[in-house]
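These notes are about the structure you will find just below.
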Amino acid sequence: MDTAAGGSASALPPPSGSTGTGAEAKEDGERGGKPVMVVLIGPPGSGKSTFAEAVLDGSAAGRPWVRVCQDTIGKNKAGTKMQCLKAVADALKEGKSVIVDRCNLEREQRADFVKLGDTLHAGVHALALELPAKVCISRAVSRTGHEGNLQGGTAALVVNRMLQKKETPFLTEGFSRIMFCNDDTDVKKAIELYSALGPLDSLPSGVFGQKRQGPIQVGIMKFLKKADASSVEKSNGPKLKLSERKPGQENPLPKQEKVESGSCSMEAKKELNEKIENEEGAKESGSYDIGYCTLAFPSISTADFQFDLDRASDIIVDTVADCLQKFDNIRLVLVDLSKKSRILSLVKDKAAKKSIDSSKFFTFVGDITQLRSKGSLQCNVIANAANWRLKPGGGGVNAAIFNAAGEALQHATKECADTLRPGNSVVVPVPLTSPLRQQEAVTHNDQPVSVKSASGDSKMKREGGHESERMKKHKLIQPILTKQQHECTGSSAPNYRGNSVGSSDAPNQATKADNKKSGVVTSKSWGTWAQSLYELAMHPDKYKNSDSILEVSDEFVVLKDLYPKAKKHVLVISRTNGLDSLADVKKEHLPLLRKMHSAGVKWAQKFLEEDMSLEFRLGYHSVPSMRQLHLHIVSQDFDSASLKNKKHWNSFTTSFFRDSVDIIEEIEQHGAATTNSDDKVLAMELRCHRCKSAHPNIPKLKSHITNCKSSFPSHLLEKNRLVSSSTEHMDCT
DNA sequence: GTTCTAGAAC
DNA sequence: GTTCTAGAAC
């Protein structure tokens with residue numbers, strides 16, 4: 001055993017038996033000679049007092065130690081945290097080292113001590129007593145004559161509650177050293193280490209002895225069974241087989257537990273005791289809810305998917321009832337963000353009708369990633385889909401969980417669910433480093449793997465069969481505006497890349513400098529490739545022979561998009577010099593916008609004469625890639641080989657696409673258009689523009705949209721945002 | 001805007 | 001192995 005006796009901080013190796021490498025240790029440890037504050041972190045029964053007493057007794061090295069114990073600080077009775085803080089401050093000021101003997105399981109509980117130690121220039125250490133819950137509970141239950149009178153059945157309940165709130169200590173909290181003790185041997189080593197710490201010695205900084213938590217590859221049912229079994233095993237009282245329990249013997253279920261885990265205050269204990277006493281038979285049976293598992297699961301995405309809520313709620317309630325029947329020591333919570341959630345109220349009503357124990361299953365309004373911090377609801381397992389949607393752009397609950405849990409969970413999930421098939425689930429331990437674990441005490445994430453888009457691969461195969469795709473590419477990148485070339489390529493549009501045939505004055509080089517020349521100051525500079533529409537708008541006559549140009553007026557040019565993103569996709573390009581994008585649009589441009597809109601509607605109607613199944617949207621990109629204000633008229637089939645990537649899709653189907661009618665209205669009312677310049681929307685997950693289902697990639701999305709028959713989201717059906725054969729003509733001029 | 005391509009994902 | 005994405009270059 002290495003002790004610090006006579007050793008300099010930097011030369012001191014980590015304690016033997018430590019699984020940590022001490023790699024995180026600061027280069028040089030803290031200076032010797034200053035007092036140390038050891039903040040003990042552990043539930044009742046974890047051996048805090050044993051440690052404190054042993055160090056005080058065995059401190060052969062001569063370092064003066066003071067034990068500050070909340071259970072005894074009030075004239076040998078339990079005191080307050082304030083009293084403890086004062087005692088710690090007094091001791092440190094006297095140059096004594098202090099052992100803070102209280103539970104300190106939550107970060108908030110220990111923060112004041114850390115701060116105090118820091119202020120008084122003490123070395124602030126954490127000693128995390130991470131003994132198995134079973135051991136702590138067993139000891140706490142069976143001990144007698146405990147200082148805080150926490151023993152017997154009450155202790156089991158208290159320990160269990162506390163452990164749910166446990167937050168692993170981190171150096172970032174302000175500790176210079178954290179030592180984890182995972183069993184009695186570790187505790188013994190810690191005792192030896194601190195007992196042998198001489199007045200001038202110091203210990204190296206860093207984290208020592210932390211256990212690495214491995215993934216548990218079991219399904220949620222197995223997990224629950226496991227919790228179930230261990231709870232019986234842990235219980236010290238008469239063991240009731242869970243399935244045999246009578247309703248009256250069930251465990252008390254906390255609605256909003258108020259347990260001061262740091263101090264095991266007498267008030268909290270009293271409150272708990274009362275609860276237990278009120279619970280008929282609970283104390284006698286000894287069936288405390290050790291190993292209690294609360295699983296929160298998110299509501300289905302009712303806004304986006306058009307589920308039959310009535311059926312869905314039936315399924316939820318049936319499944320919950322089935323689950324509760326099988327497992328006794330679990331609690332299930334359906335969570336949704338809004339009070340108005342219809343699925344929530346349906347489920348609530350149906351659960352009540354089915355007489356499901358409302359303490360074992362209830363609905364909850366709140367953010368599933370902040371149940372504890374914002375909702376005072378302690379859940380140790382949350383369920384969500386574990387597919388490709390668990391990523392920042394994954395949308396909804398997935399994105400929320402990803403954001404809350406960080407990448408560590410994603411990695412852990414991948415490790416666990418790598419080969420999982422749809423329809424199964426896996427329990428993923430939330431990594432210790434994850435904020436979801438640290439702040440919300442969520443220890444596990446149950447991830448049912450949703451069945452991925454089942455919309456057949458036939459379309460994919462067909463697309464894959466397009467051998468000419470590669471050829472097309474080659475054709476498209478060639479200059480294409482001569483008659484000869486038209487015939488060769490079958491293409492007939494101005495070339496967006498600026499290789500305009502017959503244009504010797506290279507107007508496609510127009511850039512920000514040109515803008516300035518024309519007296520227009522815009523913040524954006526345009527690449528050479530982005531000049532084609534500008535060039536066309538300024539000199540449409542040069543391209544008048546192109547089949548792509550449908551109409552030219554003084555105010556606008558109507559052009560077939562060279563890379564149409566749908567069966568029909570045309571642009572109405574303004575001819576006003578200096579009007580590059582929506583950002584430049586002002587009230588004075590309203591007549592132009594209306595004319596452009598009308599032209600767009602006219603062309604949409606023309607296309608509808610050929611194919612009345614088409615539906616069109618007219619709108620602008622919030623931030624266009626190409627210079628010169630242009631209105632897109634795009635059919636909503638999005639059936640085009642040119643629609644190739646996420647950006648293409650999202651630029652036409654998210655808030656990035658601003659409907660012309662809305663822009664006109666905004667300019668009318670505010671004189672300017674609000675544009676969503678946030679690039680994040682373009683990186684969002686791929687969702688069907690009709691039914692809003694999410695899809696993992698473009699090919700799968702495309703095969704879905706060819707078959708999706710859902711109606712459009714309601715807001716698109718308003719204000720003539722969609723132009724179809726059934727749309728009544730609306731004249732914007 | 002597109003093309004090309006490395007490398008990730010499958 | 002093939003498919004798909006994302007970033008650089010234009």
Side-chain angles (χ1 to χ4, degrees), chain A residues 386-394 407 410-411 413-415 417-422 449 452-453 457-480 489 491 493-500 506 508-511 524-537 548 559-566 569-571 573 580-581 620-632 634 640-652 656-657 679-686 694-704:
Chain A
N387 53 18
W388 38 266
R389 295 171 62 196
L390 185 75
K391 53 188 176 184
E407 269 184 65
Q410 199 184 18
H411 294 145
T413 304
K414 271 187 189 149
E415 242 178 82
D418 195 30
T419 56
L420 208 66
R421 297 192 66 79
V449 173
K452 289 188 185 179
S453 154
D457 285 326
S458 52
K459 179 79 194 309
M460 295 256 307
K461 278 176 192 151
R462 268 188 282 135
E463 280 176 0
H466 278 308
E467 267 306 309
S468 58
E469 194 60 23
R470 188 172 283 270
M471 288 295 291
K472 257 191 190 166
K473 270 187 198 169
H474 284 291
K475 287 175 188 170
L476 286 171
I477 60 171
Q478 292 166 24
I480 49 172
T489 62
S491 182
N495 188 318
Y496 287 3
R497 309 190 84 206
N499 302 319
S500 41
N508 55 323
Q509 295 302 315
T511 58
K524 185 167 176 173
S525 64
W526 303 88
T528 49
W529 49 262
Q531 303 289 339
S532 302
L533 297 184
Y534 171 78
E535 159 65 7
L536 176 72
S548 290
L559 172 78
K560 282 188 199 169
D561 197 298
L562 179 58
Y563 299 96
K565 303 302 184 290
H569 182 187
V570 300
L571 308 175
I573 308 160
D580 286 341
S581 71
Y620 300 86
H621 283 158
S622 285
V623 182
S625 294
M626 304 201 76
R627 180 183 177 191
Q628 199 65 14
L629 184 74
H630 54 282
L631 172 67
H632 290 267
V634 60
S640 166
S642 295
L643 197 158
K644 293 176 175 172
N645 59 46
K646 190 177 259 187
K647 192 176 172 184
H648 290 154
W649 178 257
N650 283 337
S651 71
F652 287 98
F656 191 83
F657 190 82
D679 282 359
K680 274 183 192 156
V681 291
L682 295 178
M684 286 202 313
E685 71 170 347
L686 299 164
H695 300 268
N697 55 47
I698 287 287
K700 291 207 166 63
L701 170 77
K702 285 180 120 184
S703 66
H704 167 82

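Look at CG on A/Leu686: it is 11 Å from C1' on C/dT5, rounded to the nearest Å. When rounded to the nearest whole Å, the span between OH of A/Tyr620 and C1' of B/dG1 equals 19 Å. Rounded to an integer number of Å, the gap from A/Lys680 NZ to C/dA6 P is 16 Å. If you measure from atom CG of A/Asn697 to atom P of C/dT3, you get 12 Å, rounded to the nearest angstrom. With rounding to whole Å, A/Lys647 atom NZ is found 13 Å from C/dA8 atom C1'. A/Asn645 has its CG atom 15 Å from the P atom of B/dC4, to the nearest Å. In this structure, the CG atom of A/Leu682 is 9 Å from the P atom of B/dG1, given to the nearest Å. Rounded to an integer number of Å, the gap from CD1 of A/Ile698 to P of C/dT2 is 23 Å.
Taking side-chain N and O atoms only, A/Lys644 has no distance below 4.0 Å to OP1 or OP2 of B/dG1. Between A/His630 and B/dG1 there is no side-chain polar atom (N or O) within less than 4.0 angstrom of OP1 or OP2. Side-chain nitrogen and oxygen atoms of A/Lys700 include none within less than 4.0 Å of the OP1 or OP2 phosphate oxygen of B/dA9.
Checking side-chain atoms of A/His632 against main-chain N and O of A/His630 turns up no donor-acceptor pair under 3.5 Å. A/Ser642 places no side-chain N or O within donor-acceptor distance of the main-chain N or O of A/Lys565, the cut-off being under 3.5 Å. At least one donor-acceptor pair under 3.5 Å links the side chain of A/His648 to the backbone N or O of A/Lys644.
With sequence neighbours left out, A/Phe657 forms a ring pair (Phe, Tyr, Trp, His ring centres under 6.0 Å) with A/Phe652. Listed by chain and number, the residues in a side-chain hydrogen bond (donor to acceptor under 3.5 Å, both in side chains) with A/Ser651 are A/His621 (sequence neighbours excluded).
Where stacking is scored as ring centres under 5.5 Å apart with planes under 30°, A/Tyr563 does not register as stacked on the base of B/dG1.
For the pair A/Leu682 and A/Lys646, the tightest heavy-atom approach, listed with the atom from each and the gap, is O-CG, 3.6 Å. In plain terms, the two heavy atoms of A/Ser532 and A/Met626 that are nearest each other are CB-CE, 4.0 Å.
Taking the side chain of A/His648 as heavy atoms from C-beta on, and the options B/dT2, C/dC10, C/dA6, the nearest nucleotide is B/dT2.
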(message) Pairs counted only when both distances fall under 3.5 Å, Watson-Crick or G-U: show me the 5' to 3' dot-bracket for DNA chain C, [ ] for pseudoknotted crossings and | for other-strand partners.
(response) ||||||||||
